[in-house]
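Below is one structure; the comments refer to it alone.
Just follow the structure's listing: the first ligand is 1, and inside any ligand the first atom is 1. Side-chain atoms are counted along with the backbone in the values below, which use heavy atoms only and exclude waters and symmetry mates. In this text, all values refer to a predicted model and were calculated from it rather than measured experimentally.
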Amino acid sequence: MSENSGPDANPRSLLARIRALDPWFHDIDLGPELKTKLGPCADEPSDHPKPTWELLKPYLPADLSGQSVLDVGCNAGFYSFEAKRLGANRVLGVDVQRREIAQARLAAQILGLDVTFQRTSVYDLSIADVGQFDLVLALGLLYHCRHPLLALERLFEVTRGTLIVESAVAPEEWTGPPQARSIGGLVRRLVPAFYIENDPDAAEAVYNWFLPSPASLAALLRGVGFGGVTHVAVSEQRSLFVCTRNADARSDTRVKSYKARLVAREAVVSTPASDVIAFTVRVWNLGTATWEASIGREEERGAVLLGVHLLDAAENVLEWDFRRYRGALSRTVRPGEWIDMEVRLTAPKSAGQYLLELDLVREFEGWFEDVGGTPLKVDLDVRG
Ligand SMILES: C[S@@+](CC[C@H](N)C(=O)[O-])C[C@H]1O[C@@H](n2cnc3c(N)ncnc32)[C@H](O)[C@@H]1O
């Protein structure tokens, strides 16, 4: 037991703290007489997730030295601790449930392992808040997600290297194979998945919402941007997916997507009327398309540039494409990279409270918001 175990390090008081957080879903060895799990929990056997860890290990590097790991839906932290033991330098576990995070923090303290746990939903993960990780684990998570595509998009955003998904899946005999069908005159490949209709009187902390077939989950993973998706059938109803971002643009067959996240250092910009407004915006490329440098290409069709709309404080548009301002990229920005851009333009001539709405544009083709992006709003205080 490490000195991190603190003043309550005697086994009886530690056991009392463990029991106060019952029931445990994870069987974690915390020391002699310190059992986390007392029996099967939520249909998983008493030793869960030890057998799953043995299945998973061959797909992980034997040594995670120098790597960062994010464990999403970490529960009491079993996999986060194993990643730390494989040498990972930064390990973050997130889970939506408060008690599970309390369990994980207590286990980390008793084990003396430097792993951070925070209560965060998969839907709230962002590159701006947590950064990107070499290895992301999403084990036993996806079927609990009511918004599976949003969850996968967020997982893509925070993955620098590899994502490993472990999930319940519908056997192919339930769904049949993918089929080409004509929809509105276009022939498309349809891959089936199930929505689970929960009983009105069901009472679970986290429901099951979605049961993909292996083919549909692989298609969804490709659809959010993963270049390499390898399916491993663990059993008839469980599968692993090992997914990588595709670094080699030449062999990249993914649909090109344009998606950005914009973050300003200042929440409010204040300036005299008609003076120059200057502030910096950090812009992440979260899509699958590479943005080429655009200085000197401001008039070129398809060039990626920064533009601004002027809104009043109630968010009514005062001037769309304000002053036709364009900020150009000083260098190429690949998927997963960010660039700081300085915005410089002349403030409105009337004093008042405004909003600047910043968005990227593919020149003469369309704003990023039109393909599902979220522009950044910055408060603008113009003094008289
Ligand atoms: C079946 S357990 C799997 C736990 C662990 N990853 C494992 O494989 O043993 C699912 C976990 O996902 C968490 N979870 C459910 N919805 C979530 C969400 N939206 N964001 C983050 N975690 C979530 C639950 O609280 C639970 O701890």
Is ligand 1 less than 4.0 angstrom away from at least one heavy atom of [X]?
X: Thr120; answer: yes
X: Leu141; answer: yes
X: Glu44; answer: no

Which value, rounded to the nearest 0.5 Å, describes the distance between [X] atom [atom1] and [Y] atom [atom2]?
X: Cys243; Y: Leu220; atom1: SG; atom2: CG; value: 11.0 Å
X: Gln97; Y: Asn75; atom1: CD; atom2: CG; value: 7.5 Å
X: Leu211; Y: Leu142; atom1: CG; atom2: CG; value: 11.0 Å

- Message: Under a 3.5 Å threshold, yes or no: a donor from one side chain and an acceptor from the other, between His26 and Thr36?
- Response: no
- Message: Can a side-chain donor-acceptor contact be found between Gln353 and Asp381 if the only test is distance below 3.5 angstrom?
- Response: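 There is such a pair (donor and acceptor under 3.5 Å, judged by atom type) between the side chains of Asp381 and Gln353.
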Purely on distance, is any nitrogen or oxygen of [X] under 3.5 Å from one on ligand 1?
X: His144; value: no
X: His48; value: yes
X: Phe25; value: no
X: Asp95; value: yes
X: Cys145; value: no
X: Ser121; value: yes
X: Leu139; value: yes
X: Gln97; value: yes

- Hey, do the aromatic rings of Phe322 and His309 have their centres closer than 6.0 Å? no
- Report yes if the distance between the aromatic ring centroids of Phe81 and Phe117 is under 6.0 Å, otherwise no.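 Yes, the ring of Phe81 comes within the 6.0 Å limit of the ring of Phe117, centre to centre.
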- Can you name the salt bridge (Lys or Arg N to Asp or Glu O under 4.0 Å) partners of Asp29, sequence neighbours left out? Lys50
- Can you name the ring-ring contact (aromatic ring centres under 6.0 Å, His included) partners of Phe368, sequence neighbours left out?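 Checked Phe368 against ring-ring contact (aromatic ring centres under 6.0 Å, His included); matches are Tyr258, Trp291.
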Which of the numbered atoms in ligand 1 are under 4.0 angstrom from any heavy atom belonging to [X]?
X: Gly140; result: 1 (C), 2 (S), 3 (C), 10 (C)
X: Tyr79; result: 7 (C), 8 (O), 9 (O)
X: Asn75; result: 4 (C), 26 (C), 27 (O)

- Apply the side chain to side chain contact (heavy atoms under 4.5 Å, CB included) test between Asp340 and each candidate in Thr280, Val283, Val281; give the one that qualifies. Thr280
- Message: I need the contact type for Phe78 against ligand 1. Using non-hydrogen atoms and a strict under-4.0 Å cut-off, is it side chain, backbone, both or neither?
- Response: neither
- Examine the proximity of ligand 1 to Glu166 and report which part, side chain or backbone, both or neither, has a heavy atom under 4.0 Å away. neither
